Number of protein chains: 2
Amino acid sequence: METKRELFQTMVKRFGLLNRNCCEVGSLDITMVQSQILYEISKRSNAPMQEVADALGTDISTFSRQIQNMIKLDLIKKSPSEADKRIYLLSLTEQGNKVAQEIQREMEAHLDEIFSHMNEFEKETVLRSMALLNGAMAKSSVCCKPIF
Amino acid sequence: METKRELFQTMVKRFGLLNRNCCEVGSLDITMVQSQILYEISKRSNAPMQEVADALGTDISTFSRQIQNMIKLDLIKKSPSEADKRIYLLSLTEQGNKVAQEIQREMEAHLDEIFSHMNEFEKETVLRSMALLNGAMAKSSVCCKPIF
DNA sequence: AATTTTACTTGCAAAAATCAAGTTTTAACG
DNA sequence: CGTTAAAACTTGATTTTTGCAAGTAAAATT
């Protein structure tokens, strides 16, 4: 029987989570980090930079520069907050939205393909298990620290 | 209901899989990539460099340099193959073994803590689901390509 | 025997990460 | 209030990683 760690290690490896690049959309090469940023911003509307950087656990200075790149790529818009002038709020541009949606589509398709190798019962079990796992991680006192 | 992609995205984020650094062992700062390398080498005895690099999906040149670093850190040993002189075989040094075991211990403890927030039935279900998922990914035609 | 392929290393340039310092604005405190 | 401290970002400088191309040596192919 595999240990928990082995299961996770295999999963991480199979998903290619260590890969630098995520996907091509149109003529754009999107990195993994960029796709995560697009995802986080699409989940929140007008989120402060700090909040998104924290959500991703990346250093704010690295994040700041990454945002600058993505603004140049016309994926992200940065607007000053009215309430607090120190804060800049992030949102997706029209193109950013398109790209985020395209990535979403690709990933969903990819996952569908993976799940197509299971029967209905297994699919449901696995999905429910992932939700359980996420819930347990949310409760964990050690989670999201640099351990993995 | 969350989409599959959301489930995965959350999981990846909660696990901190995007973090650069993995863990401290003694006075050593081990990066995520290094811990993956230690893991892969510990799973195989005397594996050729190419094989390990492929297993991790990293570019062989990047890998070559990383190995050089880890040799300097006295974590890895590289010995020329007798059978084929192009090939170098990788193995862990004594210290490398200690470090790998310590990481293994930490991760297992971490995972135990996470799983402690579930009941017995849930634990088993989740573990079985992960094995199912890994199996499905192994069968997938699109898996481990730079999509995620 | 000549050519191709494989396994690995090295050089170089681009991207990313880290750390420290600096700006501006808000919050906190005596 | 007014001064000080903290928060939210940006920028600069240095180091690490990465990716691609080119190079070397050994094995496989023809």
Side-chain angles (χ1 to χ4, degrees), chain A residues 16-24 28-38 40-41 44 46-73 75-91 146, chain B residues 16-24 28-38 40-41 44 46-73 75-91 145-146 148:
Chain A
L17 289 172
L18 298 172
N19 293 352
R20 156 151 259 73
N21 36 344
C22 154
C23 32
E24 284 178 38
L28 281 178
D29 263 327
I30 306 292
T31 66
M32 189 77 89
V33 171
Q34 288 173 338
S35 99
Q36 293 265 348
I37 292 176
L38 288 174
E40 287 298 329
I41 296 179
R44 317 147 192 267
N46 284 335
M49 290 183 61
Q50 192 65 246
E51 184 182 319
V52 181
D54 286 348
L56 292 170
T58 60
D59 186 79
I60 182 69
S61 73
T62 304
F63 186 75
S64 171
R65 273 182 267 248
Q66 185 64 258
I67 292 299
Q68 289 170 33
N69 294 338
M70 294 175 78
I71 288 174
K72 277 186 204 131
L73 293 174
L75 295 172
I76 287 179
K77 209 170 34 182
K78 200 176 79 175
S79 35
S81 158
E82 288 300 322
D84 184 336
K85 288 177 185 170
R86 291 170 302 180
I87 292 176
Y88 286 90
L89 303 172
L90 299 176
S91 57
Chain B
L17 290 172
L18 299 171
N19 292 352
R20 153 156 258 71
N21 36 345
C22 152
C23 33
E24 285 177 38
L28 281 178
D29 263 326
I30 306 291
T31 66
M32 190 78 90
V33 172
Q34 289 174 337
S35 98
Q36 295 264 346
I37 292 176
L38 288 174
E40 286 300 328
I41 296 179
R44 316 147 192 267
N46 284 336
M49 289 183 61
Q50 193 64 247
E51 183 183 321
V52 181
D54 285 347
L56 293 170
T58 60
D59 186 80
I60 183 69
S61 74
T62 304
F63 185 75
S64 170
R65 272 181 269 247
Q66 187 63 256
I67 293 299
Q68 290 170 34
N69 294 338
M70 292 175 79
I71 287 174
K72 278 187 204 132
L73 293 173
L75 295 172
I76 288 179
K77 210 169 32 186
K78 200 176 80 176
S79 34
S81 159
E82 288 301 323
D84 185 336
K85 288 179 184 170
R86 289 169 303 178
I87 292 179
Y88 286 89
L89 303 172
L90 298 176
S91 56
K145 295 280 174 303
F148 276 82

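For clarity, every value in this text was computed on a predicted model and none was experimentally measured. Here is how names work: the chains are called A, B, and so on, in the same order as the sequence lines, proteins then strands, and each is numbered from 1. The figures here come from the full heavy-atom set of this structure, side chains too, leaving out hydrogens, waters and symmetry mates.
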Presence of donor-acceptor pair under 3.5 Å, side chain of A:Ser61 and base of D:dC9: no
Under 4.0 angstrom between A:Lys78 side-chain N/O and D:dT10 OP1 or OP2: yes
Does OP1 or OP2 of C:dA16 have a side-chain N or O of A:Thr62 closer than 4.0 Å? no
Quiz item: A:Arg86 side-chain donor-acceptor pair to C:dT24 base, under 3.5 Å: no
For B:Ala55 against B:Arg44, the heavy-atom pair lying closest together: CB-NH2, 3.3 Å
In whole Å, I'd like the distance from the CG atom of A:Asp59 to the P atom of D:dA13. 18 Å
May I ask you to test the A:Gln36-A:Thr58 pair for a side-chain heavy-atom distance under 4.5 Å? no
Calculate the interatomic distance between B:Phe63 atom CZ and D:dT18 atom P; express it in whole Å. 12 Å
Is B:Lys85 close enough to D:dA28 that one of its side-chain N or O atoms is under 4.0 Å from OP1 or OP2 there? no
Can you see if the side chain of A:Ser64 gets near the phosphate of D:dC9 - specifically, an N or O under 4.0 Å from OP1 or OP2? no
Let me know the distance between CG of A:Leu56 and P of C:dA16, rounded to the nearest Å. 14 Å
Heavy atoms only, 4.0 Å cut-off, all strands: where does A:Tyr88 land among base, sugar-phosphate and nothing? sugar-phosphate
Rounded to whole Å, the CD1-C1' distance (A:Ile60 to D:dT10) equals 10 Å
Rounded to the Å, how far apart are B:Asp29 CG and D:dT15 C1'? 15 Å
Between C1' on C:dA16 and CD on A:Gln68, what's the gap in Å once rounded to a whole number? 13 Å
Whether over 12 other heavy atoms sit under 6.0 Å from A:Lys78 NZ: yes
Closest approach to the side chain of A:Ile87, judged atom by atom: which nucleotide of D:dA8, C:dC8, D:dA27 is it? D:dA8
Would you indicate whether A:Tyr88, at its atom OH, is surrounded by more than 12 heavy atoms from other residues, nucleotides or ligands within a distance under 6.0 Å? no
Heavy-atom nearest pair, A:Pro48 first then A:Ile87, reads CB-CG2, 3.8 Å
In whole Å, what is the span from the CE atom of B:Met32 to the P atom of D:dT17? 14 Å
Once you round it to whole Å, what is the distance between C1' of D:dA27 and CD of B:Gln50? 15 Å
So what does B:Gln66 touch, heavy atoms closer than 4.0 Å: a base, only the sugar-phosphate, or nothing? nothing
Hey, does the side-chain of A:Arg65 have a donor or acceptor N/O within less than 3.5 Å of a partner on the base of C:dT18? yes
